[in-house]
Amino acid sequence: MIRHIRTGLMTASILALSSGAAFADYELNILHINDLHSRIESINKFDSTCSAEEEGKNECFGGVARLKSLIDQKRQDLSGKNVLLLNAGDNFQGSLFFTTYKGLAEAEFLNLMKFDAMTVGNHEFDESEDGLVGFLDKIEFPVVTANVLPSHKSKIGDRIKPSIVLEAGGQKIGIVGAVANDTPELSSPGPDILIGDDVATTTAAVEELKKQGVDKIIALTHVGYPRDLAAIAKIPDVDVVVGGHSHSLLSNTDAKAEGPYPTMVDNPGGYKVPVVQAASYSKYLGDLVVTFDDNGVVKAAKGDPILVDSSVKPDQSVLTRVAELAKPIEELRSKIIGKTEAPIDGSRDNCRARECEMGSLVADAMLDRVKGQGVTIAITNGGGLRASIDAGDVSMGEAITVLPFQNTVATFQLKGDGIRAALENGLSKLEEPGGRFPQVAGMKYSFDKSKEVGSRVVSVEVKEGEGFVPLDPAKTYSIVTNNYMRNGGDGYAIFKDKGENAYDYGPGLETVLADYLAAHQPFKPYTDGRITEVAAAAGATTAEPATQPAADAAASTTASGPQKHVIAKGDTLWDLAKAFYGDGALWAKISAANGKPAPRHLHVGTELEIPAK
């Protein structure tokens with residue numbers, strides 16, 4: 001359907017002029033945020049909670065107190081003009097405020113800012129629809145998301161609308177919402193929430209608004225900047241797109257911006273649609289001015305996001321309330337989440353140079369978290385591990401100290417040759433040692449640090465079933481890492497440049513670690529030979545195993561009766577079954593005889609019973 005036919009507009013204009021009528025342009029100011037991710041407190045340059053010392057040095061950004069102050073100031077500056085404040089979703093997940101209050105703290109502060117409308121993000125479903133219901137009960141502004149389709153059993157009912165009509169300056173403004181199509185894979189909406197197709201449902205909602213005589217329509221989306229450009233902005237009769245989900249900084253002045261603010265997109269109807277987004281974590285307030293002609297066509301759009309830095313003085317009443325709500329968070333930091341039988345080594349010297357206990361733990365925890373998504377490999381940077389954990393009870397505060405950067409789980413796909421290149425990058429700063437050193441799960445690799453940078457990887461194997469096979473350079477693998485690395489941090493540019501189907505906004509690593517420790521207690525720290533340094537001269541590993549490897553042990557014994565085997569570095573149940581029985585598939589026999597230990601988490605030095613075949 002072609003919305004605006006130029007000849008028709010010209011005819012209308014001529015008639016209007018001949019009758020003495022004068023058309024007046026309509027100007028609308030749109031303030032907006034997206035992907036707050038529970039950054040209730042101010043953040044530092046690493047997007048984590050800002051310290052008192054950093055505040056004293058004026059090095060902090062955002063936080064709800066600054067954001068509220070800036071919004072109030074902008075409304076005052078725009079007094080008498082037409083202003084809307086919009087929220088493009090993902091207010092949940094990202095700090096201990098969400099962990100503690102399950103969205104109620106976010107609701108309280110968003111109410112104070114007086115939003116006019118919001119769309120849900122995928123993370124609004126992280127606690128299933130039950131977690132979202134509490135938020136919906138508390139907020140005082142409408143939520144619009146056309147492709148959230150609750151069943152008759154859903155507790156959400158009709159509180160999420162496909163669209164709404166707002167009035168500003170005597171004009172009707174339609175707001176249509178949409179959330180990412182893959183929300184069921186990214187989050188947990190549950191069986192009573194269907195996520196429909198974003199384009200189909202948005203199109204239907206827009207058509208309903210047109211029937212009501214609304215000719216100025218804003219798509220408020222949480223589908224990501226690329227999707228907004230490719231699909232949403234091209235839906236007939238959509239005039240403006242205010243987006244979120246991809247955390248995209250759009251700017252006309254920042255060299256790191258993904259695109260201009262606004263990005264103008266050609267709609268098949270013969271007009272241009274401004275698309276905007278304002279990064280994330282309360283660091284920016286989007287500030288867009290749109291001018292419509294009398295037919296509801298966008299004549300002009302301009303603006304830029306405003307950096308919410310230390311020049312914005314926080315609202316003192318909000319600061320006081322944040323401090324009140326923070327008190328139980330200190331209790332949470334002290335909450336015991338698990339127990340460990342021995343200290344978990346996360347020392348800088350080890351985790352940046354070789355396989356370390358904390359590296360194996362965090363990589364295994366990450367892989368365990370996304371195994372249901374078909375992910376088979378985890379790679380995380382040793383420099384992201386900032387502490388060890390003492391033996392005994394483990395607190396949430398300790399988990400946060402190990403992983404303090406509020407990085408999130410990120411998944412993507414990459415070919416085998418890209419994985420090998422990533423490992424080479426990780427091994428390129430061994431002499432320093434650099435924080436990029438790759439700790440892994442679901443794979444093994446060996447390296448020779450005497451070789452030149454770019455040629456240090458000796459071998460790479462990936463897990464298939466209970467065994468390992470050589471990495472296939474042409475095969476595409478599903479990988480989990482953290483969002484910092486996935487976006488090119490620590491030199492992992494190949495993750496950003498060659499990674500496909502990326503999603504960077506999973507749960508926080510500290511939460512993933514805490515959940516894993518809680519499910520595996522008492523935890524016994526381990527390394528298992530997944531990373532091996534090869535001696536330059538002899539081609540052997542620098543650290544010889546303390547006991548016979550499985551194949552040698554099997555060669556010196558027979559499997560006619562029960563045997564004993566002391567676990568050596570690198571052993572797996574599959575390897576043991578293959579060595580003793582000639583068939584790795586019989587690993588379950590050894591497992592059953594030894595209390596069913598985790599097949600890949602065998603503890604070096606432990607004696608196993610090897611039953612007769």
Side-chain angles (χ1 to χ4, degrees), residues 1 3-4 28-35 84-90 115-122 124 141-149 160-166 168 171-181 183 195-212 214-248 250 259 261-278 286 288-292 296-298 301 303:
M1 178 181 72
R3 179 184 179 188
H4 303 297
L28 180 64
N29 295 269
I30 302 172
L31 304 176
H32 60 98
I33 68 166
N34 55 276
D35 299 279
L84 293 180
L85 178 61
L86 303 179
N87 184 317
D90 265 9
F115 279 87
D116 291 294
M118 168 190 149
T119 189
V120 296
N122 52 286
E124 263 73 77
F141 49 85
V143 177
V144 290
T145 315
N147 59 333
V148 169
L149 308 172
I160 298 178
K161 309 289 187 183
S163 67
I164 59 167
V165 178
L166 302 175
Q171 296 285 319
K172 292 180 178 180
I173 312 295
I175 311 290
V176 181
V179 70
N181 289 335
T183 292
I195 304 298
D197 178 76
D198 55 357
V199 171
T201 54
T202 299
T203 300
V206 169
E207 289 174 352
E208 286 300 314
L209 288 173
K210 291 295 292 180
K211 291 177 183 178
Q212 299 174 41
V214 179
D215 65 358
K216 300 175 185 68
I217 297 174
I218 300 171
L220 182 59
T221 71
H222 194 84
V223 303
Y225 181 55
R227 181 71 173 168
D228 282 334
L229 299 182
I232 303 299
K234 296 181 179 179
I235 294 174
D237 297 312
V238 165
D239 295 295
V240 180
V241 180
V242 176
H245 189 50
S246 55
H247 297 215
S248 300
L250 305 183
Y261 183 106
T263 302
M264 304 301 291
V265 176
D266 289 321
N267 185 286
Y271 61 99
K272 291 185 179 293
V273 175
V275 175
V276 292
Q277 195 170 147
L288 178 68
V289 183
V290 182
T291 303
F292 296 87
V297 180
V298 173

Would you name the heavy atoms of [X] and [Y] that are closest together and state the gap between them?
{"X": "Val276", "Y": "Pro262", "value": "CG1-CB, 3.6 Å"}
{"X": "Gly296", "Y": "Asp239", "value": "O-OD1, 3.3 Å"}
{"X": "Tyr225", "Y": "Ser246", "value": "N-OG, 2.9 Å"}

Suppose we screen for side chain to side chain donor-acceptor pair (under 3.5 Å). Which residues come up paired with [X], at least two apart in sequence or across chains?
{"X": "Gln171", "value": "Lys216"}
{"X": "Ser163", "value": "none"}
{"X": "His247", "value": "Asp35, His37, Ser280"}
{"X": "Thr201", "value": "none"}

About how many Å separate [atom2] of [Y] and [atom1] of [X], when rounded to the nearest 0.5 Å?
{"X": "Ile164", "Y": "Ile173", "atom1": "CD1", "atom2": "CD1", "answer": "11.0 Å"}
{"X": "Phe141", "Y": "Asn87", "atom1": "CZ", "atom2": "CG", "answer": "6.0 Å"}
{"X": "Glu207", "Y": "Ile235", "atom1": "CD", "atom2": "CD1", "answer": "10.0 Å"}
{"X": "Thr263", "Y": "Leu250", "atom1": "OG1", "atom2": "CG", "answer": "5.0 Å"}
{"X": "Ile160", "Y": "Met118", "atom1": "CD1", "atom2": "CE", "answer": "7.5 Å"}
{"X": "Lys210", "Y": "Ile217", "atom1": "NZ", "atom2": "CD1", "answer": "6.0 Å"}

Legend entry - Under the ring pair (Phe, Tyr, Trp, His ring centres under 6.0 Å) test, residues paired with His245 that sit two or more places apart: His222, Tyr503

All side-chain contact (heavy atoms from CB on, under 4.5 Å) counterparts of [X], not counting sequence neighbours:
{"X": "Ala219", "result": "Thr221, Ile232, Val238, Val241"}
{"X": "Asp266", "result": "Lys272"}
{"X": "Val265", "result": "Leu229, Ala233, Lys234, Val275"}
{"X": "Glu208", "result": "Lys211"}

Without swapping roles, check the side chain of [X] against the backbone of [Y] for a donor-acceptor pair under 3.5 Å.
{"X": "Thr145", "Y": "Ala178", "value": "no"}
{"X": "Glu124", "Y": "Gly121", "value": "yes"}
{"X": "Asn34", "Y": "Ala278", "value": "yes"}
{"X": "Asp237", "Y": "Asp215", "value": "no"}
{"X": "Asn147", "Y": "Asp197", "value": "no"}

Inset, instruction - Dump the intermediate steps for side-chain hydrogen bond (donor to acceptor under 3.5 Å, both in side chains) on Asn181 and Asp198, then the final yes or no. - result: CA-CA 6 Å; Asn181 289 335; Asp198 55 357; 3.1 Å; yes

Legend entry - Val298 side chain reached by Val273 side chain, heavy atoms, under 4.5 Å: no

Inset, instruction - Output all residues satisfying salt bridge (Lys or Arg N to Asp or Glu O under 4.0 Å) with Asp90, sequence neighbours left out; order by chain, then residue number. - result: none

Legend entry - salt bridge (Lys or Arg N to Asp or Glu O under 4.0 Å) partners of Lys161, counting only residues at least two apart: Asp158

Legend entry - Leu84: which of Asn29, Ile218, Leu31 passes side chain to side chain contact (heavy atoms under 4.5 Å, CB included): Ile218

